[in-house]
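Only heavy atoms go into these numbers, but all of them, side chains included; no hydrogens, no water, no symmetry mates.
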Amino acid sequence: MPELPEVEVSRLGIAPALEGNLIERVIVRQPMLRWPVAAEVIALQQQPVQAVRRRAKYLLIDVPQGSIIVHLGMSGHLKIVPSSTPPLKHDHVDWVLADGRSLRLNDSRRFGAVLWQDPLQSHVLLTALGPEPLTDDFDGALLFERCQSRSSAIKLVLMDNHVVVGVGNIYANEALFKARIRPTTPARQLSLAQCTVLAAVVKQTLAAAITQGGTTLKDFSDASGKAGYFKQELLVYGRGGQPCLHCHTPLDEIRLGQRSTVFCPQCQPTP
DNA sequence: ATATCCACCTGGCGGC
DNA sequence: TGCCGCCAGGTGGATA
């Protein structure tokens with residue numbers, strides 16, 4: 001999926017078209033995503049959009065009756081298109097706007113979701129989430145504290161939504177390389193100083209990726225259909241076996257929690 | 001609580 | 001050209 005930067009790039013792209021606009025109706029071509037598209041969303045008519053927010057990798061589109069929750073899964077992307085545009089394969093949901101355009105969700109793997117949140121409530125999927133990485137709620141001290149009870153590899157802990165949200169496989173690999181920490185290091189073995197560096201590079205990496213329009217591996221694009229440029233700045237992800245950009249040692253690639261994990265055996269030493 | 005593994009689904013790639 | 005296995009940006013849920 002889109003990780004946090006790609007979701008934020010989507011939010012930035014769709015918000016200007018949605019906010020202050022009216023959702024006239026919703027067209028569902030394929031209701032079976034990760035869960036069935038929520039009935040409350042399908043029934044929406046003539047609803048003004050008040051705001052488009054993001055929490056972790058969830059987008060929240062606020063209307064007077066509540067909030068539409070959109071998750072992009074692994075392959076989802078959102079576009080703003082003229083409503084007359086013929087739907088393509090995997091264009092599962094359209095939100096038809098009053099100005100002749102539509103918000104269109106395409107998701108080939110259907111790991112994404114379209115859910116509903118009642119006003120003044122938090123959907124159950126959003127209640128147990130950890131802090132947002134790009135706010136002051138997340139810092140080295142918090143990361144260090146949450147690592148104390150964890151013997152798992154730091155990469156798995158960094159990707160655990162209870163610890164911090166939004167860090168997926170690409171950016172976990174990138175941040176650990178920048179922090180010079182081996183992904184397999186048991187989390188509780190990290191020092192406060194290492195956690196402070198790690199939290200800082202997580203913020204820096206995510207923020208830079210947002211600026212670059214996100215990372216497009218194959219099917220991510222922003223609301224206008226443009227691919228992201230951050231792929232050019234990836235230091236280790238997808239580069240297993242190739243030389244480290246710092247020391248030229250071939251990068252190691254292993255599996256951690258069934259996810260591809262790349263690191264430099266020289267620059268990211270075992271503790 | 002924590003840790004591990006599986007599931008969902010489509011598509012692209014390499015190998016034979 | 002075709003078939004097969006493997007891999008891919010996520011994460012809830014079942015199981016020890």
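- A:Ser102 and A:Ser83 share a side-chain donor-acceptor pair at under 3.5 Å.
- Checked for salt-bridge contact, A:Arg29 and A:Asp94 meet the test: a charged N lies under 4.0 Å from a carboxylate O.
- Residue A:Tyr171 is classed as having no contact, given no heavy-atom separation below 4.0 Å to the nucleic acid.
- A:Phe111 qualifies as a stacking partner of the B:dC8 base, centre to centre under 5.5 Å and near-parallel within 30°.
- Classification of the A:Tyr58-A:His71 ring pair by plane angle, with boundaries at 30° and 60°, yields perpendicular.
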Can you name the atoms? Protein N/O to nucleotides 11-13 of chain B N/O, anything below 3.5 Å, with the distance.
| from | atom 1 | to | atom 2 | distance (Å) |
| --- | --- | --- | --- | --- |
| B:dG11 | OP1 | A:Lys89 | NZ | 3.1 |
| B:dG11 | OP1 | A:His90 | NE2 | 2.7 |

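- In this model, the phosphate group of C:dG12 is approached by a side-chain N or O of A:Tyr58 to a distance below 4.0 Å at OP1 or OP2.
- Side-chain contact between A:His92 and A:Val37: absent, with no pair of heavy atoms (C-beta onward) separated by less than 4.5 Å.
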Revision key, fill the gap. Note, DNA chain C 5' to 3' with Watson-Crick or G-U pairs under 3.5 Å encoded as ( ), [ ], | and . gives .|||||||.|||||||
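- The main-chain N or O of A:Glu3 is found under 3.5 Å from a side-chain atom of A:Glu6 such that the two form a donor-acceptor pair.
- Of the possible polar contacts, none joining the A:Arg180 side chain to the A:Pro269 backbone as a donor-acceptor pair under 3.5 Å is found.
- By the 4.0 Å N-to-carboxylate-O rule, A:Asp62 lies close enough to A:Arg53 to be salt-bridged with it.
- Look at CG on A:Asn106: it is 13 Å from C1' on B:dC9, rounded to the nearest Å.
- Among the heavy atoms of the strands lying under 4.0 Å from A:Arg255 are primed sugar atoms or P, OP1, OP2 only; no base atom is included.
- Between A:Asn161 and C:dT11, a side-chain N or O to OP1/OP2 separation shorter than 4.0 Å is present.
- Nucleotide B:dC9 holds its P atom 8 Å from the CE atom of A:Met32, rounded to whole Å.
- Contact annotation: side chain of A:Arg110 to base of B:dT10, donor-acceptor pair absent below 3.5 Å.
- Not a single donor-acceptor pair under 3.5 Å links the side chain of A:Lys155 to the backbone N or O of A:Thr184.
- Spacing of P atoms, B:dC9 relative to C:dC3, comes out at 23 Å, to the nearest Å.
- A donor-acceptor pair is defined here as one N or O able to donate and one able to accept, closer than 3.5 Å; no such pair exists between the side chain of A:Gln30 and the backbone of A:His90.
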Close N/O contacts between protein and nucleotides 1-5 of chain B (under 3.5 Å):
| from | atom 1 | to | atom 2 | distance (Å) |
| --- | --- | --- | --- | --- |
| B:dT2 | OP1 | A:Ser149 | OG | 3.2 |
| B:dA3 | OP1 | A:Ser151 | N | 3.0 |
| B:dA3 | OP1 | A:Ser151 | OG | 2.8 |
| B:dA3 | OP1 | A:Ser152 | N | 3.2 |
| B:dA3 | OP1 | A:Ser152 | OG | 3.1 |
| B:dA3 | OP2 | A:Arg150 | NE | 2.6 |
| B:dA3 | OP2 | A:Arg150 | NH2 | 3.2 |
| B:dA3 | OP2 | A:Ser152 | OG | 2.8 |
| B:dA3 | O5' | A:Ser152 | OG | 3.4 |

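- Between the CG atom of A:Asp91 and the P atom of B:dT10 there is a distance of 15 Å, given to the nearest Å.
- Using a 4.0 Å cut-off between charged nitrogen and carboxylate oxygen, A:Asp160 and A:Arg146 do not count as a salt-bridge pair.
- Classification of A:Glu132 and A:Arg55 as a salt-bridged pair holds, one side-chain N sitting under 4.0 Å from a carboxylate O.
- Put simply, CZ on A:Arg54 is 14 Å from P on C:dG10, counting in whole angstrom units.
- In this structure, A:Asp107 atom CG and C:dT11 atom C1' are separated by 14 Å, rounded to whole Å.
- Nucleotide C:dG12 holds its C1' atom 13 Å from the CG atom of A:Leu126, rounded to whole Å.
- In this structure, CE of A:Met74 is placed 14 Å from P of B:dC9, rounded to the nearest angstrom.
- Using a 4.5 Å cut-off on side-chain heavy atoms (C-beta onward), A:Ile68 and A:Trp95 make contact.
- Atom CG in A:Leu33 sits about 12 Å away from atom C1' in B:dC8, given to the nearest Å.
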